[in-house]
Structures are given as C-alpha cells and as structure tokens.
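Worksheet: one structure, shown below.
As the structure lists them, so they are numbered: ligands from 1, and atoms in each ligand from 1. Numbering of residues begins at 1 and proceeds along the displayed sequence. Just so it is clear, the values below take in all heavy atoms, side chains as well, and ignore hydrogens, waters and symmetry mates. None of the values given here were measured: they were computed from a predicted structure.
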Amino acid sequence: MKRFRTFRKDQVTRDRYADVTINVRDFIYPYFVVEGEGIVEPIPTMPGINRYSIDTLVKDVHEIKALGIDKVLLFGVVSDDVKDERGTAAYAEDNLISRTVRAIKQALPDTVVFTDVCLCEYTSHGHCGLLKERREPAVSGGVIQKIIDVDNDTTLPLLAEMAYQHAKAGADFVAPSAMMDGQVEAIKHRLSEAGLSTKVLAYSAKYASAFYGPFRDAADSAPSFGDRKTYQMDFRTHDQGLEEIEADIEEGADWTMVKPAMPYLDMIARAAERFHQVPLVAYQVSGEYAMVKAAAQAGFLDEQRVVYESLIAIKRAGAQYIITYYAKEYQQRWASI
Ligand code: PBG
C-alpha cells in the first residue's frame, strides 16, 4: 500500500506538496472601453465588471497595478452610429483603442498592454470581418443558393491595419481574435513593414462557444444574423485545435491561446505538451465568469474556493497565463501576495 495520505495530513504538508500555484503575474485583466468621460457603467450580464471611459479606465489600471496586476487586454465598445459594414472605427487613425493605449502607457508605462484585434465590435452586422455573398448548390438538392458569409482574404488587410494602429500607439501585444485564416501572417507582415516589434498573441484555438454570451452584451458585438460557426472552431473536432496553433506559430505568433478555458482543459493540456516554443494563454471567458458569479450570488457555492480551484486547474492543465475577469477581485479579496 502506498501511503498517499501522508501528503495530505495537515495544511503545512499539503502546501509543501502543492506544485501548481497562482501568481499575480499569471493574470491578464480584460477591460471594455467606451467614448466619453467619467463613465463607469456596470455590465448587467457580468456583475463586478464595468465599461470605462479612458479617464476612469486609467484610474482603474492604477488600482490593479497596486494589486500587482500588470497585464491588461483592451476591447473597444462603440455606439451604433459609428458602426458600419466595414468596421471603419476599428482601424481609423486615432481610434478609441489607440487613444486608450496611449493614455495607459503615458500614466503607467510598465503596464503590458494587449489589444483585441477583431471587427465584430465595430461592424453594423456584428460579424468579425467583411461580408460577401457567394453562390453554391444547396446541400440538400442542386439548387443554387446565395449565402452571405465573412470573406477571409478581404478581411485580412483590415485586421492588419487595426493591429498596426494599435501597435503604433504603443501596444505591447496585438491579439487577433477574428479567426480568419492567415491573420497572424498578415499582421506580422504589416508590423514588420512598419518597423514595429509589437508581439502577436494569437487566439489560435478559439471555439464557436455559447460561453461568449455575456461578452456580446458587454461589447454589443452579437452578430445581427447567423452565427460565427464558419470562422470560429467547431468544438466537436479533436485535433484541429492543435493544427490551428501550429499554423499560427508557423505564421509567427509570439504567444498562443486556447479559448474558452474550463470546458477546454484537454486542449490546454495537449497544446502545452506539444508546443514548448511559445507561451500558452488560456481565456476564462465571460460565460465562465458569469456562471460562477451567478451561482455564488445565489449562495449555491463558495466563490473563493471555486475560483481558486478553477484557476489552479487551468494552470495545472499547462497554461502559463490566464485572461480572467476574476483577476482583480482575486487579488483584492483572496490572494495572499
Ligand atoms: C471578439 C471576441 C469575443 C471574445 C473575445 N474576443 C467574442 C466573440 O468571439 O464573439 C469573447 C470573450 C469572452 O466571452 O469573455 N471576436
């Protein structure tokens, strides 16, 4: 008989054998930015998370900095009247995110700033790229159908331009999440052409997930028709996530990502085992956050213990960094730094 219980006999002993830990440096904290001043607008689907205008956001970045969090991921939220079919506001000179990056870098230059690169928050139709009609025979019979879908190759230069604008403003990492084939290469090429050494965090294995629901309310980015299944990954595939990651690394991704996190721990583990050359990030997405929050607020579970366990599980699976809406609260309430 092996005496496993000797490893668990008291807290000190358990702590000695615990080889997976959470460090404040593991965290990347997401922010939603809006135009205006003095705005701190709570997001109903994500209790505890707000939309900020640039000025209040910078204040909050000071707060998280004091807690030890030094990495932020920025999402822009714009009003309907500036949205158009091409998502122009995403890559315009002096766009919302570029101004936010500059403000953060001016106030707190050591903050590591990541920017989300995707058109869905800026297009009138809410899709992640340019729409194009194509014609093809219906699966069920030979009739030619018109299908409106996101066009891969004409979207690439727009994503590259958006990344370039963010990089020019001082972003440390641009993070393409549109799931267009070739997006990492297109961005890398544009950045190197401009002589910028900004790094790319690729949302490589990003699944078409229902767990993004609360985010789409937060960012007002739900598609106005259809879904994202023609570009985000089908969660019923087993190896394709690894192929996506491999392709992104070949295209020059500096860091890579699996998203969502909790329901995809298998993919995190497989990616961590296979790819040692680049850091692996896991995104604990809005639905994962909202689920735990709602259950905790209803008194159904112990929030502190559930959050700690889920973060440890993501680290144990092999993620080096975790994007989580819980980062600030964890450091504020639960971490013993
Ligand atoms: C943009 C994007 C999304 C998320 C991150 N970047 C939404 C989506 O793909 O619909 C989701 C993040 C979250 O749910 O927390 N494409």
So which heavy atom in the protein is nearest [atom], and how far is it from that ligand atom?
| atom | answer |
| --- | --- |
| atom 15 (O) of ligand 1 | Tyr325 OH, 2.6 Å |
| atom 12 (C) of ligand 1 | Phe215 CD1, 3.4 Å |
| atom 5 (C) of ligand 1 | Lys259 NZ, 2.6 Å |
| atom 14 (O) of ligand 1 | Ser286 OG, 2.7 Å |

Exercise. Which one holds for Tyr283 and ligand 1: side chain close, backbone close, both close, or neither close, with close meaning a heavy atom under 4.0 Å?
Worked result: side chain
For this session: Using the rule that two of Ile, Leu, Val, Met, Phe, Trp, Tyr join whenever any of their side-chain heavy atoms come within less than 4.5 Å, decide whether Phe225 and Leu130 are in one cluster.
Result: yes
Problem set entry | Side-chain donor/acceptor of His62 to backbone N/O of Leu108, under 3.5 Å | no
Seminar exercise, completed: Of all heavy-atom pairs linking Asp227 and Pro223, the shortest is CA-CG, 4.4 Å
Problem set entry | Least distance between heavy atoms, Thr155 atom then Cys128 atom | CG2-O, 4.0 Å
For this session: Please collect all salt bridge (Lys or Arg N to Asp or Glu O under 4.0 Å) contacts where either partner lies in residues 259-275, sequence neighbours excluded, each pair once.
Result: Asp239-Arg270
Exercise. For ligand 1, is Gln232 a contact, meaning one of its heavy atoms is under 4.0 Å away?
Worked result: yes
Exercise. Cys120: heavy atom below 4.0 Å from ligand 1, yes or no?
Worked result: yes
Exercise. Under 3.5 Å, N or O to N or O, is Arg228 touching ligand 1 that way?
Worked result: yes
For this session: Would you check whether Lys206 has a nitrogen or oxygen atom less than 3.5 angstrom from a nitrogen or oxygen atom of ligand 1?
Result: yes
Problem set entry | Validation row: Thr100, Ile104 side chains within 4.5 angstrom (heavy atoms) | yes
Seminar exercise, completed: Taking only non-hydrogen atoms of Phe75 and a 4.0 Å limit, the atoms of ligand 1 in range are 5 (C), 6 (N)
Exercise. Can you list the residues that meet the side chain to side chain donor-acceptor pair (under 3.5 Å) rule with Asp149, with sequence neighbours excluded?
Worked result: Arg134, Thr230
